[in-house]
Amino acid sequence: MSDDSSSPIMPKSAFEPLPDELDFPSMERRMLGLWADEDTFERLRAKNADGPRWSFFDGPITANNPMGVHHAWGRTYKDVYQRYRAMRGYHQRYQNGFDCQGLWLEVEVEKDLGFNSKRDIEEFGLEAFADACRERVEKFSGVQTSQSVRLGQWMDWDDSYFTHSDNNIEHIWHFLRRCNERGWIAAAQRAMPWCARCGTALSQHELIDTYEEVEHDAVYVRLSIHGRPGTWLLIWTTTPWTLAANVAAAVHPDLTYVEVAADDGRYLLAEAAMSAVFGEVAEVVATHQGSDLLDLTYDGPFDDLPAVSGVTHRVIPWTDVGADEGTGIVHIAPGAGEEDFLLGRDLGLEVLVPIDENGNYTDGYDWLTGRDAREVADDVVADLRKRGLLHRHHTYTHRYPHCWRCQEELVFRVDDEWFIRADEVRQPMLDAAATVKWIPEYAGARMADWLRNMGDWNISRRRYWGLPLPFYPCRSCGHLTVIGSKAHLEERAIAGMDQLRELHRPWIDRVTIRCESCEAPTNRIDAVGDAWLDAGIVPFSTLGYLHNSAEFENWYPADFITEMREQIRLWFYSMLFMSVTIQNQSPYQSVFVYEKLNDETGRAMHKSWGNAIDFGEAAERMGADVMRWLYAGHNPLYNINFGYGPATEVKRRMLTLWNVYSFFVTYARLDGFDPTAPRIPVAERPDLDRWALSRLQGLIDTMTASLDDYLVHRGVQAAQEFVEELSNWYVRRGRRRYWKSDSDDDKQAAYQTLYELLTSLVRLLAPVMPFWTDDIYQNLVRRADPDAPSSVHLTDWPKADYSILGKELVIDFDEVLDLIRPKPSSIREDLEWNMDVVRTIVTAGRQARSEFNLPIRQPLERVIVCGVPNWQCKRIRQRLEEHILEELNVESVEYQPSAILGDFFEVTAKIDFKSVGPRLRNLTKAVATELEERAEHHGDYLERFTTEEGYAIRLHVEGKQVELGSKDVVFQRIPKEGLAVAKQDGVIVALTTTINDRLRRGRLSRELVHAIQGLRRDAGLEVSDRIHLWLDGPAALHETLAAHETEIAAEVLALAVNEGTPPESAAEAAPTLNGVPVKVRLTQS
RNA sequence: GGGCUCUUAGCUCAGUCGGUUAGAGCGCGCCUCUGAUAAGGGCGAGGUCCGUGGUUCGAAUCCACGAGGGCCCA
């Protein structure tokens, strides 16, 4: 063993020194460069090419705008689980997807081109419009790709799928043809929620999340009852524009209606609505049952309009009528309301459709014709007033649906739409959904609920850039031909194929086919498809279902998919629908959903509110790894509050790991640590090392389970705790082992252990934090070992191995007798429980010092530890005592696990409720009280008695005799005066507070070291520089030096103390230490 | 109106099978430690565990009802 303290330090180690601070963005860009240069991802794929398959389907991101930070959340999950599976050796597809057509894309293109209506598009030309849409897709799929790369997502970017591809469209055609074979395809007139701006209907699932609170004009309108002059039917509506289409007024047959006398006549309305409309003083002149009113007819509100003339307005029954709002008489316009339409259909009412697809009144509505229905409320009200039909008018606030893409208020409109019937597929879909593992579980309940309630799927949209529905209804024979593939189209076509550039409008519209039934020339309907068809077909189209069955068999169904929760009723639903139809099974086996992303104050992010965070900016300001850590560590059951504040918190945690890493590199370089040197068996390392390695094995298990279960946040939280312990206990407790001058086995064990901890940790964290972990790996592993894999991402996932901890667990006979606490059943428990107790003792000791104002620099004679079982005291005394001595700065530890400490402590006894409660039932409380009273004066006696084998405390409570054994009672010792005492988790720690001369010298010695270290730093010395030291002061100083000089010199690396005369240039300080004025001078030697 | 879900410190959230002193992080104040540390440690202020009732020897935890928030459906 060589003393190298005087030899120059020559770094032999391979490790690079670390920069002063951790700069995530620049480090991440460096790693992106490295991965690109070395084809790291391609190597990973090659490495796993023969591995077991793990199939993931990427939910397509709309290639419509730059990525938002909320996309980054989902993409983090996707990347984390794929990277984890890759480290486990799984072969994967890594296919990313873009959603490329449909209404939302058209809306953005319209905005770009400054369009306001469909007419603008028609004038612009469908070809040019299709090109503009295609260009937008190309642009933003490129932007999103580079953003995803920046996030660290590893995908086969050149193999991304695009939903506007002919391949995707063909597969949907196949699905639709299958539906038609089963008779599920139907056209029907329906009242649909309708966006007048977009000029198209929306389907049920597109209404989700679109209800917003708005103010509308609400009107009470009086309508003259035929044959009852001066008597008015009073109706109420919040949509005045629909009054022109009124054909009926609905009453509840079982409700009571009244006629109320007013100045200008008698008003008919529900009794329950009377006071709200007329106040308490209304005079009732007649009462009717709702069913009695059904013969009435009345003058409509707009009978003078040509379209309405000839309509007989009737009072009709409807059991959904209520009197909570309005008048209990409901205005019915079957052409302008969903329920109205259904009611009208049942009763055979006339259907007046007052508006066209753009929301403008059609011909026959006179002064309203050509006007936008959403803008006529004021004029309608004025007109009603002029004609004496307006009873009252007010503003009304309610939740009303909006177009989810352009934010316009929706209207309802009756139109011909195409549907897929859902009834036959409902149960098979429920059955398939039941086979899926939903995470969290309630997502499965949501899906089942949705499926039970789902209506027919409205798949037609009166738009342009979208899936062309391959529906060819024959005008001659009425047969519907549904084209199932491109080949099928070619086979049936008689014109237009030569110009068919792609399966989109306008090209597809120019193709004419022969009707399958009568061979008559037939043209396509002009509608396009719901975009959820585009996304739903992905499991088939991307696996080449129609053309490559081997590929399909290999990867279908997916092992895992993940998206935001709202996708349950969107993508998950459409995929399930299509997959059950084609394959009669679920296309996915595990589904993970997460909640919403808000800003850091919990508000939704909106560009217009100025609180949206741009992905690129966030990546460059906080770093992708920090963002990923934030996302991965969040409980997906709750909304995440995302922002720079939370990111700073994450960064601070990262800093803890950085500090450990930096500490290791600093000293490993100084010592020339060689990680390839023979390893010291873990069993032979100190308990501190074995403890840390035990914790590491635990972390490996936790992390593995959390990733297997798709609950990565649990792993991340465990990793955070591990890093805290690594820094604040393992390194803190072990640091002297690294800077001591001896190069012995203990030092080697320390280096090897910390090296193993760090290099294992980066592998465990690699899926979550791919950049930094690889950066650390490059420095710690690859530089030291040229044969190591070239990236952390090419290493194997760690496997927990507790056997390395070595040394059989031995329980002594006296430990068996120690009945108070459970014994460890493994080496792991032995190591970890003991260290836990040591940490508890230290925490309590520090607490005691703080409370009794005894600074840690003041050595104390003794710490007395109580409440720790015998076997554990023994372990600590043998192997862990140094940590207590050093942390608490005491000269000795005294263990008092069960002895009587009458001099120091009051002993109190408390019942162990868990043990006694079930046995004593309702006597428990009384026994507890009795025991506490007895123990107040005889606690120590009770304790000694009870802990003897076979004895028990006998109490008489409420006339009954109760025996308490040692397991039934918990004794606590409360120290008396003269001791500094603290208690933590059942452990009591008492410090002796008497300070003698020896302890006083010890204090000064510590103060001196502290002062000298400060001066060293001020003088700009390196931690390894040796010094010459001069100390001067009163007698107290010299007494201290006499006792502690060697120790002080060693601590501050002084080669000589008070030798010769200090030079002029010596650094100098003159502090007063614990009341002793001292002069300190030092020079570098 | 129906369903699901949530409500714990100023903020963000843990809290296992029901067990008797309800915790952490952040923020705030005081103190302390520091030869890796913009770090760490201790103390303090801050709690009607949403409310009421029930079950139980014992309830933040289970049940019922109610209030409030979120989501979904109508």
Side-chain angles (χ1 to χ4, degrees), chain A residues 18 20-21 204-205 207-209 211 320 322 324 338-339 440-443 445-450 452-454 565-566 568-569 595-596 600-602 633-635 637-641 645-646 648-653 655-667 714 717 720-721 724 727-729 731-732 735-736 738-739 839 842-857 887 889 910-928 970 972 982-986 1006 1009-1010 1012-1014 1016-1017 1021-1025 1051-1053:
Chain A
L18 268 42
D20 290 340
E21 59 178 301
Q204 206 180 348
H205 48 228
L207 293 187
I208 291 164
D209 284 340
Y211 280 79
D320 280 0
D324 296 339
E338 195 172 13
E339 291 168 316
E441 276 179 31
Y442 78 85
R446 276 279 162 99
M447 176 60 96
D449 184 51
W450 169 254
R452 278 191 292 269
N453 294 308
M454 70 173 168
R565 193 192 56 194
E566 63 191 12
I568 291 170
R569 286 163 168 79
E595 295 294 314
K596 288 214 159 74
E600 60 187 83
T601 66
H634 184 260
N635 183 346
L637 223 55
Y638 300 96
N639 293 342
I640 189 168
N641 294 353
T648 306
E649 223 175 290
V650 168
K651 232 175 203 164
R652 200 149 37 196
R653 291 178 196 280
L655 193 62
T656 309
L657 180 55
W658 169 261
N659 289 330
V660 174
Y661 173 44
S662 162
F663 172 86
F664 174 83
V665 170
T666 303
Y667 286 95
R714 292 191 182 162
Q717 278 159 17
Q720 266 168 203
E721 283 163 27
E724 290 289 321
S727 171
N728 296 326
W729 190 252
V731 174
R732 173 188 166 88
R735 58 189 153 177
R736 282 167 184 277
Y738 303 87
W739 74 59
R839 295 194 68 180
V842 168
T843 301
R846 280 199 282 241
Q847 190 179 327
R849 274 185 171 271
S850 176
E851 266 177 39
F852 290 78
N853 209 7
L854 297 161
I856 292 188
R857 282 195 204 121
E887 284 292 311
N889 195 15
K910 261 187 138 177
I911 210 161
D912 183 345
F913 283 92
K914 199 169 185 173
S915 158
V916 169
R919 177 157 49 93
L920 296 185
R921 315 285 295 174
N922 48 10
L923 270 179
T924 309
K925 241 178 195 167
V927 171
V970 178
Q972 292 190 322
K983 203 170 70 171
Q984 173 115 8
D985 297 339
R1006 291 273 294 232
V1009 170
H1010 184 60
I1012 296 161
Q1013 302 290 24
R1016 280 183 61 116
R1017 210 175 326 167
L1021 299 186
E1022 295 292 327
V1023 293
S1024 53
D1025 288 339
E1051 280 286 305
V1052 302
L1053 301 183

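Side-chain atoms are counted along with the backbone in the values below, which use heavy atoms only and exclude waters and symmetry mates. Order of the sequence lines sets the chain letters (A, B, ...), proteins ahead of strands, with each chain counted from 1. Keep in mind it's a predicted model, so treat the numbers as computed, not measured.
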Please assess A:Val842 against A:Arg846 for the test side-chain contact (heavy atoms from CB on, under 4.5 Å), listing each intermediate value before the final yes or no. CA-CA 6 Å; A:Val842 168; A:Arg846 280 199 282 241; 3.6 Å; yes
Rounding to the closest angstrom, what is the interatomic distance between B:A60 and B:C13 at atom C1'? 15 Å
Sorted by chain and residue number, the ring pair (Phe, Tyr, Trp, His ring centres under 6.0 Å) partners of A:Phe913 (sequence neighbours excluded) come out as none
Return the value, rounded to whole Å, for the distance between atom CZ of A:Arg846 and atom C1' of B:G42. 8 Å
Measure from CG on A:Leu657 to C1' on B:U37 and round the result to the nearest Å. 13 Å
Nearest-0.5 Å distance that lies between atom CD in A:Glu566 and atom CD1 in A:Ile568: 10.0 Å
For the pair made of CG in A:Asn453 and P in B:A74, what is the distance, rounded to whole Å? 7 Å
Distance, rounded to the nearest Å, where A:Arg839 contributes CZ and B:G40 contributes C1': 11 Å
Could you pick out which residue, A:Arg565 or A:Arg1016, lies toward the 5' side of RNA chain B when each is mapped onto its nearest nucleotide? A:Arg1016
Apply side-chain hydrogen bond (donor to acceptor under 3.5 Å, both in side chains) to A:Glu724 and list each qualifying residue two or more places apart in sequence or on a separate chain. A:Asn728
Roughly how many Å is it from CZ in A:Arg569 to P in B:C71, rounded to a whole number? 13 Å
Hey, does A:Asp1025 have a side-chain heavy atom less than 4.5 Å from the side chain of A:Leu1053? no
What contact category does A:Val1009 fall into here, base, sugar-phosphate, or nothing, at under 4.0 angstrom with non-hydrogen atoms? nothing
What interatomic distance, in whole Å, is found between C1' of B:C43 and the corresponding atom of B:G51? 34 Å
Looking only at the side chain of A:Ser662 (C-beta and beyond, no hydrogens), which of the listed nucleotides B:G42, B:A36, B:C57 gets closest? B:A36
Scan nucleotides 30-34 of chain B against the protein and return all N/O pairs shorter than 3.5 Å with their distances rounded to 0.1 Å.
{"unit_1": "B:U34", "atom_1": "OP2", "unit_2": "A:Arg857", "atom_2": "NE", "d": "3.1"}
{"unit_1": "B:U34", "atom_1": "OP2", "unit_2": "A:Arg857", "atom_2": "NH2", "d": "2.8"}
{"unit_1": "B:U34", "atom_1": "OP2", "unit_2": "A:His1010", "atom_2": "ND1", "d": "3.4"}

Take A:Val660 and A:Phe664, measure what side-chain contact (heavy atoms from CB on, under 4.5 Å) needs, and give me the verdict at the end. CA-CA 6 Å; A:Val660 174; A:Phe664 174 83; 5.6 Å; no
B:U12 and B:U8: how far apart are their C1' atoms, nearest whole angstrom? 12 Å
In whole Å, what separates the C1' atom of B:C4 from that of B:U20? 34 Å
Which of the following nucleotides, B:G40, B:C73, B:A36, is nearest to the side chain of A:Asn728? B:G40
Across all chains, not counting sequence neighbours, the side-chain hydrogen bond (donor to acceptor under 3.5 Å, both in side chains) partners of A:Arg565 are A:Glu595
Point-to-point distance, once rounded to the nearest 0.5 Å, from CG of A:Leu657 to CZ of A:Arg653: 12.5 Å
Measuring from A:Thr666:OG1 to A:Asn659:CG, what's the distance to the nearest 0.5 Å? 10.0 Å
Atom-to-atom span, CE of A:Met454 to P of B:G3 - whole angstrom: 22 Å
As a quick check of understanding, evaluate side-chain contact (heavy atoms from CB on, under 4.5 Å) for A:Arg569 and A:Met454, giving each step before the final call. CA-CA 9 Å; A:Arg569 286 163 168 79; A:Met454 70 173 168; over 6 Å; no
Value in whole Å for how far the C1' atom of B:U56 lies from CZ of A:Phe913: 14 Å
Return the set of residues passing salt bridge (Lys or Arg N to Asp or Glu O under 4.0 Å) with A:Arg732 (not counting sequence neighbours), or none when no residue passes. A:Glu887
Applying side-chain hydrogen bond (donor to acceptor under 3.5 Å, both in side chains), name anything that partners A:Asp449, two or more places apart in sequence or on another chain. A:Asn453
B:A36 base / A:Ser727 side chain donor-acceptor hit below 3.5 Å: yes
Salt bridge (Lys or Arg N to Asp or Glu O under 4.0 Å) involving A:Arg839 - partner list, sequence neighbours excluded: A:Glu725
Strictly under 3.5 Å: I want the nitrogen or oxygen pairs between protein and nucleotides 23-27 of chain B, one per line.
{"unit_1": "B:G25", "atom_1": "O2'", "unit_2": "A:Glu649", "atom_2": "OE2", "d": "3.1"}
{"unit_1": "B:C26", "atom_1": "O3'", "unit_2": "A:Arg652", "atom_2": "NH2", "d": "3.4"}

Rounded C1' spacing from B:C57 to B:G18 in Å: 12 Å
Return the set of residues passing salt bridge (Lys or Arg N to Asp or Glu O under 4.0 Å) with A:Arg736 (not counting sequence neighbours), or none when no residue passes. A:Glu1051
Taking atom C1' in both B:C31 and B:G69, what distance in whole Å separates the two? 41 Å
Provide the closest heavy-atom pair for A:Ile856 versus A:Arg849 in the form atom of the first, atom of the second, distance. CA-NH1, 3.4 Å
Secondary-structure string, 5' to 3', Watson-Crick or G-U under 3.5 Å, | for another-strand partners, for RNA chain B: (((((((..((((.....[...)))).(((((.......))))).....(((((..]....)))))))))))).
By the 4.0 Å heavy-atom rule, please label A:Val927 as base, sugar-phosphate, or nothing. nothing
Taking atom P of B:U37 as reference, at what distance in whole Å does atom CD of A:Glu21 sit? 15 Å
Across the strands shown, which category fits A:Asp449 at heavy-atom distances under 4.0 angstrom: base, sugar-phosphate, nothing? nothing
Quantified in whole Å, what is the C1' atom distance between nucleotide B:A24 and nucleotide B:G41? 15 Å
With sequence neighbours left out, the residues meeting side-chain hydrogen bond (donor to acceptor under 3.5 Å, both in side chains) with A:Gln720 are A:Trp629
Under 3.5 Å, which N/O atoms of the protein pair with N/O atoms of nucleotides 6-16 of chain B?
{"unit_1": "B:A14", "atom_1": "OP1", "unit_2": "A:Asn635", "atom_2": "ND2", "d": "2.8"}

Remember a base hit wins even if backbone is also touched, and classify A:Val731 as base, sugar-phosphate or nothing at under 4.0 Å, heavy atoms. base
If we take the C1' atom in both B:G66 and B:C6, what is their distance in whole Å? 16 Å
